[in-house]
Amino acid sequence: WSSDVCSSDLGIRGLSLFSRLHVSQISHGAFASFGSVAAPSFSIPPELENHTIVHRGDVRWGDMDCFRHLNNCVFVQFLESSRAAYMEEIVRVLRQTHPDKVTPFMSGTGIGVILSHLNCTYIRPVLYPDSLLTSLKVTLVGKDRLAISHTMYSTAQSAVVAVGAGEFVSYDYAGSS
């Protein structure tokens, strides 16, 4: 953290500092590194190397739709899990380095971020059983926004099954703007 970010509220500028993470194992099946690299509990396919976060999740029988493949809404939930893993890692590091920034960021009392846009392109159907590796990669850091891309990889098919993109924007929770 640079001193100018430490003295300001956490928003897009703070999140952008986490855009250069390397893939390695952290808790709860989400993956990232801030210097100390641990061996992941599973291999990261080449399609997901150099992504900021990779999250592993199992497809459940109840995630299937009437056509016996993964419901489209559940694809979006897997993308959400990788964004949640990204935010959890940011909060974990903030608690260690700048604990005063965690409460305003997470409680909606200061400058934070909101997901303003999300899309998902379905490439291949996913069937039960399967485990999906869902990545998040920071692709653009702007003055008030942070663009991300997602890649979803099926371990059963050894293939990318969906891609997506999204955008976080700064939001002043106290001022509602």
> Which value, rounded to the nearest 0.5 Å, describes the distance between Arg95 atom CZ and Asp100 atom CG?
Replying inline: 13.0 Å
> Are Met152 and Val163 side-chain neighbours, meaning at least one heavy-atom pair lies under 4.5 Å?
Replying inline: no
>> Nearest 0.5 angstrom please: Ser135 OG to Arg56 CZ, how far?
In response: 15.0 Å
>> Between Ser116 and Val169 (side chain of the first, backbone of the second, donor and acceptor by atom type, cut-off under 3.5 Å), is there such a pair?
In response: no
> Roughly how far, to the nearest 0.5 Å, is CG of Leu136 from OG of Ser81?
Replying inline: 11.5 Å
>> Using modelled atom types and a 3.5 Å cut-off, is there a donor and acceptor pairing between side-chain atoms of Asn119 and backbone atoms of Gly164?
In response: no
> What do the steps show when you test Val161 against Tyr122 for side chain to side chain contact (heavy atoms under 4.5 Å, CB included), and what is the final call?
Replying inline: CA-CA 6 Å; Val161 294; Tyr122 309 100; over 6 Å; no
> How many angstroms lie between atom CD of Glu88 and atom CZ of Arg83, to the nearest 0.5 angstrom?
Replying inline: 12.5 Å
> Going by heavy atoms in the side chains, are Leu133 and Pro45 under 4.5 Å from each other?
Replying inline: yes
> Under a 4.5 Å cut-off applied to non-hydrogen side-chain atoms, are Leu132 and Tyr153 in contact?
Replying inline: no
> Within the side chain of Tyr173, is there an N or O that forms a donor-acceptor pair under 3.5 Å with the backbone of Val113?
Replying inline: yes
> So Phe67 and His69, would you call those rings parallel, tilted or perpendicular, with 30° and 60° as cut-offs?
Replying inline: parallel
> Could you give all pairs that pass the salt bridge (charged side-chain N to carboxylate O under 4.0 Å, His left out) test and reach residues 58-69, with sequence neighbours left out?
Replying inline: Arg60-Asp63
>> Rounded to the nearest 0.5 Å, what separates atom CE in Met87 from atom CZ in Phe168?
In response: 3.5 Å
> Using a distance-only test with no angle check, is there a side-chain donor-acceptor pair under 3.5 angstrom linking Arg124 and Ser154?
Replying inline: no
> Atom OG1 of Thr134 and atom CD of Glu80: how far apart are they, to the nearest 0.5 Å?
Replying inline: 11.5 Å
What side-chain donor-acceptor pairs closer than 3.5 Å can you find for residues 70-79, not counting sequence neighbours?
residue : atom : partner : partner atom : Å
Asn71   : OD1  : Cys73   : N            : 2.8

> Restricting to pairs with a member in residues 150-168, which pass salt bridge (charged side-chain N to carboxylate O under 4.0 Å, His left out), not counting sequence neighbours?
Replying inline: Arg145-Glu167
> Is there a side chain to side chain contact (heavy atoms under 4.5 Å, CB included) between Met64 and Val59 once you walk through the steps?
Replying inline: CA-CA 9 Å; Met64 299 296 104; Val59 174; 3.2 Å; yes
> In terms of hydrophobic clustering (I, L, V, M, F, W, Y; side-chain heavy atoms under 4.5 Å; direct or indirect links), are Leu127 and Ile123 co-clustered?
Replying inline: no
> Could you go step by step and tell me if Ser82 and His150 meet the side chain to side chain donor-acceptor pair (under 3.5 Å) rule?
Replying inline: CA-CA 8 Å; Ser82 67; His150 289 286; 3.1 Å; yes
> Do Asp130 and Thr155 have side-chain heavy atoms sitting under 4.5 Å apart?
Replying inline: yes
>> Any non-hydrogen side-chain atom of Leu140 less than 4.5 Å from a side-chain atom of Leu146?
In response: no
